[in-house]
Amino acid sequence: MPQQKNQILSEEHLPDAELEIMGVLWRSDEPMKTADIHKALEKEKNWSISTVHALLARLTERGFVELEKRGRLKYYTPLVAKDNYQKKETKSFLRKFYQNSAKSLIATLVEEQAVTPEEWLELCRMFEEEK
């Protein structure tokens, strides 16, 4: 498997369709054929194989995935690690919607009951460990 990039461009944001493709690739331990990616998404998405090809081409052009040709088959491997992308998107979300205030974000999650008591305790333990 190729070395995954440690960082991505600061403003690189994946549209939802491309993020769906990346999700499939991130769940795989091996490079995936186009047909396998299509099959993994067919229950959730009604995409043609040509749509999957087009999305993979965009992801390749933008440096999110690597294309390896083996004969007539194309295999794809993520070049951007899921956790790196999640961290970047979280920072962007926090900046855009909460003016970089984690407190405001957490307050919203608590008010909307999006955090269970068990998750809250786990978060508190994480904060204590970081001290």
Side-chain angles (χ1 to χ4, degrees):
M1 181 178 243
Q3 183 75 25
Q4 292 188 335
K5 293 181 181 179
N6 290 327
Q7 296 180 337
I8 54 179
L9 299 175
S10 61
E11 294 304 313
E12 283 286 345
H13 172 75
L14 291 174
D16 289 347
E18 292 176 19
L19 191 54
E20 293 277 353
I21 299 284
M22 290 301 295
V24 171
L25 292 170
W26 283 327
R27 288 188 294 273
S28 176
D29 293 331
E30 300 291 326
M32 294 185 73
K33 295 183 292 189
T34 307
D36 293 336
I37 296 167
H38 180 255
K39 186 175 181 175
L41 291 167
E42 70 185 351
K43 290 180 183 172
E44 301 168 24
K45 303 293 178 187
N46 190 23
W47 292 342
S48 68
I49 192 80
S50 61
T51 298
V52 173
H53 277 287
L55 293 168
L56 285 164
R58 278 191 243 153
L59 287 164
T60 302
E61 287 173 19
R62 293 170 59 204
F64 280 88
V65 300
E66 178 180 64
L67 163 63
E68 177 189 351
K69 291 184 181 181
R70 298 181 193 168
R72 293 181 49 176
L73 299 176
K74 295 178 180 179
Y75 287 80
Y76 294 89
T77 305
L79 292 174
V80 174
K82 181 180 180 180
D83 62 332
N84 288 344
Y85 186 76
Q86 286 177 322
K87 288 174 186 175
K88 193 252 351 149
E89 282 295 299
T90 300
K91 288 177 185 177
S92 175
F93 178 80
L94 191 62
R95 186 186 79 252
K96 287 179 188 176
F97 294 99
Y98 292 94
Q99 295 71 49
N100 284 324
S101 172
K103 179 182 173 185
S104 294
L105 170 60
I106 292 169
T108 300
L109 293 172
V110 170
E111 288 170 13
E112 294 299 316
Q113 298 178 345
V115 178
T116 67
E118 294 80 16
E119 290 172 326
W120 182 254
L121 288 173
E122 187 176 336
L123 287 169
C124 289
R125 280 193 289 271
M126 288 172 62
F127 283 120
E128 285 298 317
E129 289 174 7
E130 288 297 316
K131 284 185 178 180

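In what follows, every heavy atom counts, from backbone to side chain, and hydrogens, waters and symmetry copies are set aside.
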Exercise. Hey, any chance Phe97 and Tyr85 share a hydrophobic cluster, counting ILVMFWY side chains that come within less than 4.5 Å of each other, even indirectly?
Worked result: no

Can you give me every donor-acceptor pair (side chain of residues 103-112, partner residue at least two apart or in another chain, under 3.5 Å) with its distance?
residue : atom : partner : partner atom : Å
Ser104  : OG   : Ser101  : OG           : 3.0
Thr108  : OG1  : Ser104  : O            : 3.0

Problem set entry | Exam field: side chain Glu119 to backbone Thr116, donor-acceptor pair closer than 3.5 Å | yes

Problem set entry | Spacing of Lys33 atom NZ and Arg70 atom CZ [to the nearest 0.5 Å] | 9.5 Å

Please tabulate, one pair per line, all N/O donor-acceptor pairs under 3.5 Å involving side-chain atoms of residues 35-45, not counting sequence neighbours.
residue : atom : partner : partner atom : Å
His38   : NE2  : Trp47   : O            : 2.8

For this session: Decide yes or no for Ile21 and Glu18: does some side-chain heavy atom of the first lie under 4.5 Å from some side-chain heavy atom of the second?
Result: no

Seminar exercise, completed: Sorted by chain and number, sequence neighbours left out, side chain to side chain contact (heavy atoms under 4.5 Å, CB included) with Ser50 holds for Ser48

For this session: May I ask whether Leu123 and Leu94 are part of the same hydrophobic cluster, defined by side-chain heavy atoms of I, L, V, M, F, W, Y residues being less than 4.5 angstrom apart, directly or through others?
Result: yes

Problem set entry | Closest non-hydrogen atom pair, Arg62 against His13 | NH2-O, 2.9 Å

Exercise. Quick one: side chain to side chain contact (heavy atoms under 4.5 Å, CB included) partners of Arg27, sequence neighbours excluded?
Worked result: Val24

Exercise. Between Trp26 and Asp83, is there a donor-acceptor pair closer than 3.5 Å when you use the side chain of the first and the backbone of the second?
Worked result: no

Seminar exercise, completed: Rounding to 0.5 Å, atoms OG1 (Thr77) and CG (Asp29) come to a distance of 11.5 Å

Problem set entry | Connected-component partners of Tyr75 among ILVMFWY, side-chain separation under 4.5 Å | Leu73

Problem set entry | Pairwise side-chain contact, Leu79 with Phe64, heavy-atom cut-off 4.5 Å (strictly under) | no

Exercise. Met22 and Leu14: which non-hydrogen atoms are nearest, and at how many Å?
Worked result: CG-CD1, 3.7 Å

Seminar exercise, completed: On a heavy-atom basis, the closest approach of Leu25 and Val65 is CD1-CG1, 3.4 Å

Problem set entry | Gap separating the CG atom of Leu19 from the CG atom of Leu59, nearest 0.5 angstrom | 9.5 Å

Exercise. With distance as the sole test, does Ser92 use its side chain to make a donor-acceptor pair with the main-chain N or O of Lys88 at under 3.5 Å?
Worked result: no

For this session: Check the hydrophobic clustering (I, L, V, M, F, W, Y; side-chain heavy atoms under 4.5 Å; chains of links allowed) and say if Trp120 and Met126 are grouped together.
Result: yes

For this session: Applying ring pair (Phe, Tyr, Trp, His ring centres under 6.0 Å), name anything that partners Tyr98, two or more places apart in sequence or on another chain.
Result: Phe93

